[in-house]
Amino acid sequence: MRELMDSYDVVVVGAGPGGSMSAYASAKNGAKTLLIEKSQEIGEPVRCAEAIPSLDDFGIKPSPEFVRNEIKGGFLFAPNGKRVTVTQGKATGYVVERKIFDKFLAIRAAKKGAKIAIKSRVVGLEEEGDGWNVIVKHLDEEYAVKTKIVIAADGVESNVAEYAGLKAKKNPLDICSCAEYEMTNVELLDKNMMEFYFGNDIAPGGYLWIFPKGDTANVGLGVRGSKKKAIDYLNEFLENGLAKDRLKNATPVEFKVGGAPVGGPIEKTYDDGILVVGDAAGQISPLTGGGIYLAMDCGLIAGEVAGKAIKNNDWSEKVLSEYERRWKEKHYECLMSHLKYRKILEKMSDDELNALAEALGDNLDDIDLKKFVKRILTKKPSLIKYFKDLI
Ligand SMILES: Cc1cc2nc3c(=O)[nH]c(=O)nc-3n(C[C@H](O)[C@H](O)[C@H](O)COP(=O)(O)OP(=O)(O)OC[C@H]3O[C@@H](n4cnc5c(N)ncnc54)[C@H](O)[C@@H]3O)c2cc1C
C-alpha cells in the first residue's frame, strides 16, 4: 500500500521556469500548491544557453544575483562569414545563470505559499474521484499525493501529460539535439552581442551560438537529422570554424547536452484536471529554440487559470480550456510562423544562405520576420520559391 502523504489543490510537476511560474501564480491565487522536482537541486543540470529576451515583463528585476550579462543584439553569420547585425527588439535581453535563476523562481513561488518537494520523481497519475493521485518516487520510497489539478511542466522528456491521456510525445525528428560548452577566454566581437552561425556543415537543421556571459560564454549548437553527433560539429567549429582565431585560447568550465522540442505545440494542452506547460507543451520557438520566456508566460497563465478553477470549485475540461485560449491568443501565431521559417531555412543550401545574408544587408534593427521577407524578395528574387507562401 502506498502512503498518502498529503492533499493539494494543484500539483505542478517540474521546477523549471514553466513549473515555478505556474506554482507562483497558482499559490498567489489562493490554491494549496505543491511543486515537485526530480532533481536534488533546482536548476541542475543546466541544459540551456541561458538567454532570455525580457525579465521586466514578469515584474522581475534583472538582479546581478542571476543576470550575468545584458544583451544588446546579435551578429548572424552566413556560412561564408557574411555578417548581419541585429539590434533592438527580441534580439535584446539578458543572459542569466540558470542554476541560480531557476532556484530564484522556485523561491519566488514558495514565498507565495507553494510547497516544494525535491529529489521527487512523478512516476504515474491515477484518477481518484474528481482529481488525481500523483505517484511520487522519493529515494527508495513511493507515495501518493492527492490533488484536484495537475500542471505538467516536466520539460522535453515529459511523461505526465501522457499519463493523463493527452497526446504529448514529441516526434524525435522534431527534437534539436544540442551540445554546449561554457567557456572562458573566448575573444568576443562584442561583450554584449550574441553570435549565431548558420550552415549545413556548421550545424545542419539548427545553428551554432556564442552567448557572452561575463567571464565566460556559452558556445553551443543544435542539430537535427545530422550525420554526426552535435558534439562532433561543436568540436569541429572550435578547431576550424569561422571564429577559430577568437576561440583558440578558450577552455571549458562546463559541458551541457540536451534536446529542444522544435516541432511546434502539442495538439491539446488541457483536459479535466490537467494543464501542460513549457517544453512539455511544445511552447518553444521552432526557429530559435528559445523557450524560457514562453514557459514562464504560459506557466503564469496556467497557474492563474488553475487558481481560479479551484476558487470556483470547477476544474473541468471546459473551465481549464481558458488556459489554451489565452496562451494561444498571445503566442500561437508567432510559434507557427517560426515553424514555417525553420522549415524554409533547413531546405536552403549554403549558397542560398549566403545569398540570403547578402539580401538582408549589414544591419537590421529588429528580428521582424515580415520585414526580413520583404527585404529578401526585393534584393534576391531567386529565393522567392522559399518565401512565396509567406507573402
Ligand atoms: C542546449 C540548449 C540551449 C537552450 N538555450 C536556450 C536559450 O538560450 N534561451 C531560451 O529561452 N531557451 C533555451 N533553451 C530552451 C529552454 O532551456 C527550455 O525551453 C526551457 O527550459 C523550458 O522550461 P520548462 O520549465 O518547460 O522545462 P525545463 O526547464 O526542462 O524544466 C522541466 C523540469 O521538470 C523536471 N522533471 C522532468 N520530469 C519530471 C518528473 N517525472 N518528476 C519531477 N520532475 C520532473 C526536470 O528535472 C526539470 O527541472 C535551450 C535548450 C537547450 C537544450
Side-chain angles (χ1 to χ4, degrees), residues 8-36 57-59 105 108-109 112-114 122 125 127 130-132 134 147-156 158-170 261 263-286 291-336 339:
Y8 288 85
D9 295 324
V10 177
V11 164
V12 182
V13 187
S20 286
M21 289 302 269
S22 301
Y24 168 85
S26 158
K28 190 175 169 204
N29 280 279
K32 186 178 172 194
T33 303
L34 176 67
L35 175 62
I36 303 181
D57 288 2
F58 302 103
L105 291 179
R108 196 165 166 264
K112 289 288 169 209
V122 171
L125 285 185
E127 281 188 66
D130 56 359
W132 304 99
V134 182
T147 187
K148 293 163 185 160
I149 299 174
V150 170
I151 300 181
D154 48 338
V156 58
S158 172
N159 287 315
V160 173
E162 294 262 327
Y163 295 152
L166 286 169
K167 283 196 202 125
K169 273 279 160 284
K170 318 287 175 301
I266 62 170
E267 236 171 78
K268 192 174 172 211
T269 55
Y270 66 95
D271 207 335
D272 285 323
I274 175 105
L275 298 170
V276 193
V277 161
D279 276 11
Q283 292 160 338
I284 172 168
S285 161
I292 309 174
Y293 183 97
L294 282 163
M296 287 174 69
D297 203 39
C298 297
L300 260 189
I301 301 171
E304 266 172 39
V305 169
K308 207 163 77 179
I310 296 298
K311 262 185 207 146
N312 296 329
N313 207 27
D314 182 355
W315 45 95
S316 61
E317 178 187 8
K318 186 162 173 262
V319 163
L320 297 188
S321 68
E322 180 190 335
Y323 162 63
E324 186 162 290
R325 183 180 52 71
R326 282 175 57 190
W327 81 253
K328 281 196 167 175
E329 260 168 32
K330 280 182 93 172
H331 302 297
Y332 189 73
E333 205 185 311
C334 179
L335 281 175
M336 295 317 281
L339 185 59

Could you walk me through whether I266 and V276 pass the side chain to side chain contact (heavy atoms under 4.5 Å, CB included) test, one step at a time?
CA-CA 9 Å; I266 62 170; V276 193; 4.2 Å; yes
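- Of all non-hydrogen atoms in I274 and A164, the two that sit nearest each other are CD1-CB, 3.7 Å.
- Using a 4.0 Å cut-off between charged side-chain N and carboxylate O, D9 and K32 make no salt bridge.
- Minimum interatomic distance between A280 and K170 (heavy atoms only, all atoms of both residues): O-NZ, 2.8 Å.
- Salt bridge status for K148 with D130: absent, with no side-chain N to carboxylate O gap under 4.0 Å.
- Distance check: K268 NZ to S321 OG gives 9.0 Å after rounding to the nearest 0.5 Å.
- Between the side chain of W132 and the main chain of I149, no donor-acceptor pair closer than 3.5 Å is present.
- How far CG of L294 is from CD1 of I284: 8.0 Å, rounded to the nearest 0.5 Å.
- Summarising the geometry, atom NZ belonging to K308 is positioned 11.5 Å from atom CG belonging to D314; distances are rounded to the nearest 0.5 Å.
- Put simply, the side chain of E162 gets close to the backbone of K169: a donor and an acceptor are under 3.5 Å apart.
- No donor-acceptor distance shorter than 3.5 angstrom exists from the side chain of E317 to the backbone of D271, with no hydrogens or angles considered.
- Aromatic ring pairs are classed by plane angle as parallel below 30°, tilted from 30° to 60° and perpendicular above 60°; the pair H331 and Y293 is perpendicular.
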Given the rule in the salt bridge (Lys or Arg N to Asp or Glu O under 4.0 Å) test, do E333 and K328 qualify, once you have shown the distances and angles that lead to the verdict?
CA-CA 8 Å; E333 205 185 311; K328 281 196 167 175; over 6 Å; no
